[in-house]
Amino acid sequence: MSPIKQLRKQGSTILIADDSEMNRAILADMLADEYTIVEAENGRETLERIQELGPTLSLVLLDIVMPELDGFAVLAEMNRTGWIEDIPVIMISSERGTDQIERAYSLGATDFISRPFDTLIVHKRVVNTILLYAKQKQLVNMVAQQMYEKEQQSDLMIEILSHIVEFRNGESGLHVRHVRRFTELILNHLNNKPAGPRFTPSEVATITTASALHDVGKISISEDILNKPGKLTAEEFELMKTHTTIGARMLEDLPIYQDLPLVRIAYEICRWHHERYDGRGYPDGLKGEQIPMSAQVVALADVYDALTSQRVYKAAIPHKESIRMILAGECGAFHPLLMECLSELEPDIYAALHQEDLFGGSRHSLRSVAEALSQNKDLPLSKRTLQLLEHERIRHDFFASLSNEIQFELTLSPPLVTLTPFSAGKLGFSEELYDPIHNPQLLSLVDAQQLYQFSDLLRGTSPGQPVVEFDCQLNIKGETRWHRVMARATWSADDPPRYLGAIGKAMDVHDSRLQLDNLERIASTDPLTGLSNHTSARQKIENRLRERPDGHFALVIFDLDFFKSANDSRGHLFGDQLLTHLAGHLRHTVRGGDIVARVGGDEFLIFLEYKTDPEAAIRRIFNALTGEYEGFSISLSMGVAQTDRVGMDYDALFHAADNALYAVKRGGRGQYLFYDETMRDTLSNISPIVQETREVLAKEEDKK
């Protein structure tokens, strides 16, 4: 047996990588009683040992200065191969400079040990690091097990619902299973086609699961029609066709979960799985690429199983004949790429759909996970880990009660606010609040407008800057008090990232020293949008102009076109929501050092610095802010003044930008203009009556 194979039969293995034999010997003496030691004297040999040992390697003690490849190069290669995710690394060096330490941590090192070695420190850090990674692996296994169990439960519920439909339809009970398996086969095969669409494993799983609901609308069709042995009349067929729109409407009318991919894809499949590629299907007569690929794949699966299965109105058609009929176009037109997949999979389809246990693969995976866990000699650690997690939860709740804070977690899918037990008890609420924007308990705590504002603040964050602060009044058991909410938005690892929700806490600042800070914040903040108000923004801009007299700045004033019509037609509450939405979008659009404010009414201000091309910066902001909100088209009129043309005086800049804004209004709205000398007297030439009218309207908007 080779030395490497022999090592794999033993316990934890540590690789000591150091060009000094003396250093390796010292470390080996410290650790050899408890661990199997492997040594490497240069960076290249270190990588060879890591590759040989693989997952049996528990830890690498890595010197920075080594021949051939230094420690940083080894870390870089471990990052490239992904080894760093599973194998912890403790760096060794006599240097204590922060640059080297920071570089090591940035490359994934777990800890740092300095020479000369202290036996107690080395031993403690090695033990802690190995235990930490062991616990992480154990938790991964536990989470995987829970995910499998939840997936099976979800599949079971959907299968039960589908079988209710099949029972009424007089079908064999296997139709849903066959459609799901066929759908999965086709989607995976499409991923292998050079010119085909690509589906992630998550998308394949979602479409496959959603396919089980394709005929859910039949639950409302009369059994006399569903089980009629002969041909349907024209009137009966029209009724049968409505199962597509009924199923889609059932999903569309769900009070929550509309944003979940499963519900969206199930809607596509329910409504359009009888559409055909040539436009001769129903209910909408979609054609070609108008039909979602999810519905096209399920349509093919549905037709194949209908042909090969016995029905009250027909005998089963053999597999090969069914394939021939579909490829010949006798069952309607399908996507050419799907026909290729069907032809190429023809030898495998029947066996895949008619094996004894259609879910054998999933059950085998579950059994494999269970066996791996049961054979793990460290299994008691999972129980201990659960105990530690429970201990952490109790400790967290205890400290939350001491701090008197309201702590919460917000998720979008499902739409849910989860409170800690202490927080729920303090508020007199349940621990889980579904559909928070419309939840009566939450709306008794905080005004709906503040909820919208807080939501826009969170959505306006980014993965790099996820933290927000928000001051609001909470009505707790009949007493209204000021609270400061601190929250961290959570984002997915997708590209581009998706906003998922937030975690946060609300602190009572009513009777604390923070109240003064709160009052200052309120005095400088627009209460509706949370942006700076005009007074505060002016002060910030004047400070910036004094600090940077040689800078190149632009001041932008813009307002919403047709805002009055939005207020008149949809109410002032919608108007407030529109302004709050625009403010949140504005925060997300500008850079960190830019200044944004609400001047009054629907008028906003931006102050930004540019280097070479101000027009490109303004165009980017203008395009980003225009769009649509709740069916209302957002159109902007924007005036821009540059310090290069106007000077470094705030009043002059504001007046020039206002002149440019008026020029836009006079020219038809929906655009931006830079101030030039032709606009200098634009406002001064307005009649006194018009000027007075504008001032009155501005004051009324400010009051709102």
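Given the structure is predicted, the values throughout are model-derived calculations rather than measurements. Basis for what follows: all heavy atoms, side chains included, without hydrogens, waters or symmetry-related copies.
Here the side chains of His534 and Phe654 are in contact, with some heavy-atom distance below 4.5 Å. Within the 4.5 Å cutoff, the side chain of Val596 has no heavy atoms near those of the Phe604 side chain. The closest side-chain heavy-atom distance from Tyr675 to Val646 is below 4.5 Å. You'll find the side chain of Leu673 stays beyond 4.5 Å of the side chain of Val640, heavy atoms only. Contact check for Pro466 versus Thr490: no side-chain heavy atoms found under the 4.5 Å cut-off. No side-chain heavy atom of Trp482 sits under 4.5 Å from any side-chain heavy atom of Asp508. At least one side-chain heavy atom of Tyr650 sits less than 4.5 Å from a side-chain heavy atom of Leu555. Between Gln449 and Thr580, some side-chain heavy-atom pair lies under the 4.5 Å cut-off.
Partners of Phe674 according to the ring-ring contact (aromatic ring centres under 6.0 Å, His included) rule, which considers only residues two or more places apart in sequence or in another chain, do not exist here. Scored by the ring-ring contact (aromatic ring centres under 6.0 Å, His included) test, Tyr499 finds Trp491 as partners (sequence neighbours excluded). Shown here are the side-chain contact (heavy atoms from CB on, under 4.5 Å) partners of Gln441, two or more places apart in sequence or in another chain: Phe429, Ser430, Leu433, Asn439. Not counting sequence neighbours, the partners of Asp594 by the side-chain contact (heavy atoms from CB on, under 4.5 Å) test are Val590, Arg591, Leu608.
Taking the centre of each ring, Phe553 and Phe607 come in below the 6.0 Å mark.
Checking Ser423 against Thr420 by side-chain atom types alone, a donor-acceptor pair falls below 3.5 Å. A donor atom on one side chain and an acceptor atom on the other are found under 3.5 Å apart for Glu268 and Ser294. Checking His552 against Asp644 by side-chain atom types alone, a donor-acceptor pair falls below 3.5 Å.
Checked by atom type and distance alone, the side chain of Asn533 never pairs as donor or acceptor with a backbone atom of Asp526 at under 3.5 Å. Judged by distance alone, the side chain of Thr529 and the main-chain N or O of Leu531 form a donor-acceptor pair under 3.5 Å. Side chain of Asp658 to main chain of Ile557: no donor-acceptor pair is present (N/O by atom type, distance under 3.5 Å, no hydrogens or angles). Side-chain N or O atoms of Ser536 include none that pairs as donor or acceptor with a backbone N or O of Ser532 at under 3.5 Å. A donor-acceptor pair is defined here as one N or O able to donate and one able to accept, closer than 3.5 Å; no such pair exists between the side chain of His438 and the backbone of Pro436. At least one donor-acceptor pair closer than 3.5 Å links the side chain of Arg598 to the backbone N or O of Gly601.
For Gln671, the CD atom is densely surrounded, since the number of other residues' heavy atoms within 6.0 Å is greater than 12. Annotation: Arg620, atom CZ; neighbour count of heavy atoms from other residues, nucleotides and ligands within 6.0 Å is above 12.
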Full working for side chain to side chain contact (heavy atoms under 4.5 Å, CB included) between Met507 and His483: CA-CA 5 Å; Met507 300 171 289; His483 283 72; 5.8 Å; no

Evaluate side chain to side chain contact (heavy atoms under 4.5 Å, CB included) for Ile476 paired with Ile406, printing each intermediate quantity in order. CA-CA 11 Å; Ile476 300 177; Ile406 300 168; 3.9 Å; yes

Review item, side-chain donor-acceptor pairs of residues 624-635, under 3.5 Å, at least two apart:
{"unit_1": "Thr626", "atom_1": "OG1", "unit_2": "Phe622", "atom_2": "O", "d": "3.4"}
{"unit_1": "Thr626", "atom_1": "OG1", "unit_2": "Asn623", "atom_2": "O", "d": "3.1"}
{"unit_1": "Ser635", "atom_1": "OG", "unit_2": "Asp561", "atom_2": "OD2", "d": "2.7"}

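Comment: Lys477 does not engage Glu479 in a salt bridge, judged by the lack of any side-chain N to carboxylate O separation of less than 4.0 angstrom. Residues Asp651 and Arg538 are paired through a salt bridge, judged by an N-O separation under 4.0 Å between the basic side chain and the carboxylate. Salt-bridge formation is not detected for the pair Lys564/Asp602: no Lys NZ or Arg NE/NH1/NH2 atom is positioned less than 4.0 Å from an Asp or Glu carboxylate oxygen.
Screening residues 449-468 for ring pair (Phe, Tyr, Trp, His ring centres under 6.0 Å), with sequence neighbours left out, gives Phe454-Phe470.
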